[in-house]
Amino acid sequence: MKATKHIKTLNNANLKDSAAKGGCGECQASCQSACKTSCTVANQKCEK
Amino acid sequence: MIHKYQLNGYNICLDVHSGAVHVLDDIAYDVLDYCSEDMQEKAPEKMLTELSEKYDREELEETYEALYELYTAGQLFSKDDYEQFADLMTKAPIKSMCINVSHDCNLRCEYCFAAKGDFGQGRCLMSLDTAKKAIDFIIANSGTRHNLEVDFFGGEPLMNFEVVKQTVEYARSIEKQHNKNFRFTITTNGLLLDDEKIDFINREMHNVVLSLDGRKEVNDKLRVTPNGKGCYDIIVPKYQKLVSKRGDKDYYIRGTFTTFSKDFTADVMHMKELGFEQLSIEPVVSDPKLDYSIKENDLPTVFKEYERLAKTLIEMRKKGEFFNFFHFMIDLDQGPCAIKRLRGCGCGNEYVAVTPQGDIYPCHQFVGEEQWKMGNLNDGTFNQDMKLRFAKANVYSKSNCRNCWAKFYCSGGCNANNFQYEGDILKSHKVGCELEKKRLECAIMIKAALADYNTEQSTDCDSGDCFAECC
Ligand code: SF4
Ligand code: SF4
Ligand code: SF4
């Protein structure tokens, strides 16, 4: 976490790096629907 | 692109394409309105003039400078350069399967999307032979993927428990030779759970989803047996037993809220009081004409309730009490890669569902929709063109999603709901989107609040959701 007087940044913004290294597909499928083992994609674990 | 909003006293800005989350003070939040994709180093005169009544000029300049620094660091108004990965978002082997071992159910829940268990196709159970073919199919179509997920679903899968057991046994007996690792899950309404089944599930199932809507009167209003009786008293003790014996393996208690239970925070708290910690309650998705459905005009109330739940969760964590609400879980740092996030749910491409007759559908929600049948396990047919069509249904091919701030967290929503309610798998389902976005706003706000609390407690740790006893 990085904080200055006016702004506190909660995370290391790393989405772009993750794209370059990602996409292997080993992680769980991410059904978004209400009726199932539904999982918001953002809380899934990367298997790499 | 950014998304800025105020919630529970926090001014929050999500920088969409980098994933950065900033919590701002009031002045920075106001100055942000004068920043854009082509920010200049010098503070805009317009901003200095227009905000001069509210804030001191020097302070405005200083704040602008801090925002500009984030901009140059790629954490504010960062560019969308993900389209180059569009290819990676499409072709993929099949790695997940939903096996509908039972198109029959021992409950008659009012809101069941499976037409009270039989998907409108008549009640029947899957044979072991078909289930084995399903396992062979996923192995054969999974390419080099090592981890394969199989979910036993229905109807009520425990009505065909022998087949579940023998299918697991079969898959385990051949996984090594194919260099695969099966992860099984099961979704059950709990009625048929007994010691044998509990032990089997706790041993073999990577995850188990236990359906319960919360408070007895809420659960029993819609989750009823064929003779109209509620099931709460039968299932709750069984779930408690299962969970107490489960160790640290995954499970969750999953409920549905309807327009009759828009005060669902009480249901979540009730689940917690019953001793469960992994909780999920999700909005019913149904035809707006049905009396229990969540309609557009319910949204303001539901939004308030999500806020209430978020605040409750924060308060409880501060007191050292723990529960997870599935839809508020978000990993701002180590979540899945951007490709995975943009690829979508995978239905019809990485994920398929099979029926007792051996029919293959894009996912469990398409089952019974004749036009979406992809093939059959018995005659070996599988429509690759349809697979490709679904492969292409990623965030960048959905016009609403492409420019939506939530795209990295929602993955483009549910194709099946899109088709059912908007008539097109690529057209996002509005009520679903609004709910998703609200949940995300709450989830991010929770991170902000917990980070705040951790700072107040002046621990060195910056993990937003850890309340380990040790620190
Ligand atoms: S396992 Fe990790 S890198 Fe691979 S697709 Fe999933 S999130 Fe991306
Ligand atoms: S489905 Fe809706 S909320 Fe999700 S990314 Fe698309 S437009 Fe946004
Ligand atoms: S289409 Fe909907 S129900 Fe089917 S897998 Fe995707 S998110 Fe889940």
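Residue numbers start from 1 in every chain, and the chains themselves are labelled A, B, ... in the order their sequence lines are given, proteins ahead of strands. Since we're looking at a predicted model, the values are computed, not measured.
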Residues, nucleotides or ligands: over 12 heavy atoms within 6.0 Å of B:Glu65 CD
no
Centroid separation under 6.0 Å, is that true for the rings of B:Phe184 and B:His206?
no
Not counting sequence neighbours, which residues clear side chain to side chain contact (heavy atoms under 4.5 Å, CB included) with A:Glu26? List them please.
A:Cys24, A:Glu47, B:Arg145, B:His146, B:Asn147
Cut-off 4.5 Å, heavy atoms of chain A, and the answer for B:Ile27 is side chain
Distance only, no hydrogens: is a donor on one side chain within 3.5 Å (strictly under) of an acceptor on the other, for B:Asp15 and B:Ser78?
yes
Check whether B:Ser211 gets within reach of chain A through its side chain, its backbone, both or neither, counting any heavy atom under 4.5 Å.
neither
What part of B:Ala448 gets closer than 4.5 Å to chain A, counting heavy atoms only: side chain, backbone, both or neither?
both
Tell me every residue that passes salt bridge (charged side-chain N to carboxylate O under 4.0 Å, His left out) with A:Lys5, counting only those two or more places apart in sequence or in another chain.
B:Glu59, B:Glu62
Can you check whether B:Glu350 reaches B:Ile94 side chain to side chain, under 4.5 Å on heavy atoms?
no
What residue in B:Val21, B:Leu24, B:Leu67 has the most heavy-atom pairs under 4.5 Å with chain A?
B:Val21
Name the region of B:Thr63, side chain, backbone, both or neither, that has any atom closer than 4.5 Å to a heavy atom of chain A.
both
Measure distances from B:Leu70 to the heavy atoms of chain A and classify the residue's part below 4.5 Å as side chain, backbone, both or neither.
side chain
Can you tell which of B:His17, B:Gln75, B:Lys95 has the highest number of heavy-atom pairs within less than 4.5 Å of chain A?
B:Lys95
